[in-house]
Amino acid sequence: MRRTLFVILIVLCTYTVAWAQPRLQQPEIYVGAQGGVLASMMQFSPKVAQSALHPYLGTNAGLVFRYAGHKYCALQLELNYMQRGWYETDTDYSRRLDYLELPFLTHIYFGKRYRGFINLGPQIGVMVHEEGKNEPAESKPQYLAVDRRFDWGIAAGIGFYARTVAGTWQIEARFNYSFGTVFDNRKADYFDNSNPMNLSLNFAYLWQIKGEK
């Protein structure tokens, strides 16, 4: 319940900031694609041997739609394919979890031709594939098939982009944290928490189809 209230509070705050800004005479609309690399881990309780120095490395790619109707603020929707997972330092076991993800972001930007920005908002997703590698002979709870494929959480990113006659070129560092668990966490279950989290570096190309350039 506290996690749900936290997400709702962030969403309300960010959208309030967006709608409080002066409106643009001509809204800006962008469409494009992005891709990059990500490093991910799992927040397990009880703990599983992992290290921030050896996260699971994957890739991600997706489509971007951005609508800027107010000065300094825009709304951004994405559809991404993400390769998450975790790596266990004591056994060399790794688990790949592939998601289709839909973030709903408030895009706060500064500047005109060259812009710095912050993205913040909730995300939902669904796991479409899972795959383990180097599974030891000894069976452990985290080697079982996942129980929950639906994912929800929050995303926060910071970056920079340049608006040119050839399109908009963007780079962003983003952190994603899932409030949903991949294994059941009832009293009778082994794990209390099993939440994915990842840090990604993304490059994007956007084409402005409407608005002042």
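Numbers here are sequence positions counted from 1.
For the residue pair Thr168 / Arg115, no side-chain donor-acceptor distance below 3.5 Å is found, with atom types taken as modelled. A donor-acceptor contact closer than 3.5 angstrom is absent between the side chains of Arg66 and Asn119. For the residue pair Tyr56 and Gln50, no side-chain donor N or O sits within less than 3.5 Å of a side-chain acceptor on the partner. When only modelled atom types and interatomic distance are considered, Asn134 and Glu88 share no side-chain donor-acceptor pair under 3.5 Å. Side-chain atoms of Asp92 and Tyr87 include a donor-acceptor pair closer than 3.5 Å. The closest side-chain donor-acceptor pair between Gln208 and Arg163 falls under 3.5 angstrom.
Checking Phe160, Tyr205, Trp207 one by one against Trp169, the ring-ring contact (aromatic ring centres under 6.0 Å, His included) holds for a single residue, Tyr205. The one candidate from Gln43, Met82, Met41, Arg84 that meets the side-chain contact (heavy atoms from CB on, under 4.5 Å) condition with Pro196 is Arg84. The only member of Arg148, Arg96, Arg95 that meets salt bridge (charged side-chain N to carboxylate O under 4.0 Å, His left out) when paired with Glu130 is Arg95.
In this structure, Pro55 and Ser40 approach most closely via the heavy-atom pair CB-O, 3.6 Å. The two residues Asn80 and Pro103 have their closest heavy-atom pair at ND2-CG, 3.7 Å. When all heavy atoms are compared, the tightest approach of Gly32 to Leu206 is CA-CD2, 3.6 Å. Minimum heavy-atom separation, Tyr109 to His70: OH-O, 3.3 Å. Across all their heavy atoms, Thr91 and Pro136 have their closest contact at CB-CG, 3.8 Å. Nearest heavy-atom pair, Ala155 versus Leu105, reported as atom, atom and distance to 0.1 Å: CB-CD2, 4.2 Å.
Put simply, the side chain of Ser178 reaches to within 4.5 Å of the side chain of Gln123, judged on heavy atoms. Using a 4.5 Å heavy-atom threshold, the side chains of Tyr93 and Lys140 count as separate. Counting only heavy atoms from C-beta outward, the side chains of Asp151 and Glu101 never approach each other to under 4.5 Å. For the pair Cys73 and Ile108, the minimum side-chain heavy-atom distance is below 4.5 Å. Residues Leu57 and Val37 form no side-chain contact, since every pair of their non-hydrogen atoms from C-beta on lies 4.5 Å or further apart. Residues Val64 and Gln76 form a side-chain contact, since some pair of their non-hydrogen atoms from C-beta on lies under 4.5 Å apart.
Using a distance-only test at 3.5 Å, with no hydrogens or angles considered, no donor-acceptor pair links the side chain of Tyr81 to the main chain of Asn60. A donor-acceptor pair under 3.5 Å is formed between the side chain of Ser51 and the backbone N or O of Leu53.
Hydrophobic cluster membership differs between Leu77 and Tyr99, with clusters built from Ile, Leu, Val, Met, Phe, Trp and Tyr side chains linked at under 4.5 angstrom. In the hydrophobic cluster analysis, where Ile, Leu, Val, Met, Phe, Trp and Tyr join through side-chain heavy atoms closer than 4.5 angstrom, Tyr190 is grouped together with Val48. In the hydrophobic cluster analysis, where Ile, Leu, Val, Met, Phe, Trp and Tyr join through side-chain heavy atoms closer than 4.5 angstrom, Val126 is grouped apart from Leu102.
Residue Thr181 holds its OG1 atom at 10.0 Å from CG of Asp192, rounded to the nearest 0.5 Å. Going from atom CG of Asn195 over to atom OG of Ser45 covers 9.5 Å, rounded to the nearest 0.5 Å. The distance from atom CZ of Arg174 to atom CG of Leu120, rounded to the nearest 0.5 Å, is 10.5 Å. For the atom pair Trp152 CH2 and Phe150 CZ, the distance stands at 8.5 Å (nearest 0.5 Å). Interatomic distance, Met42 CE to Met197 CE, rounded to the nearest 0.5 Å: 9.0 Å. Once rounded to the nearest 0.5 Å, the distance linking CZ of Phe203 with CD of Gln170 reads 11.0 Å.
Taking the ring centroids of Tyr161 and His107, they lie under the 6.0 Å cut-off. Ring to ring, Tyr67 and Phe65 are not that close: their centroids are 6.0 angstrom or more apart.
Note: Trp86 and Phe44 have perpendicular aromatic rings, judged against thresholds of 30 and 60 degrees for the angle between ring planes. The aromatic rings of Phe179 and Tyr177 stand perpendicular to each other, their planes meeting at an angle above 60°, with 30° marking the opposite boundary.
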* To do: I would like to know whether Phe183 and Asp147 meet side chain to side chain contact (heavy atoms under 4.5 Å, CB included); could you show each step before the answer?
  => CA-CA 5 Å; Phe183 295 107; Asp147 300 308; 3.8 Å; yes
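Heavy atoms from other residues, nucleotides or ligands lying under 6.0 Å from NZ of Lys133 number 12 at most.
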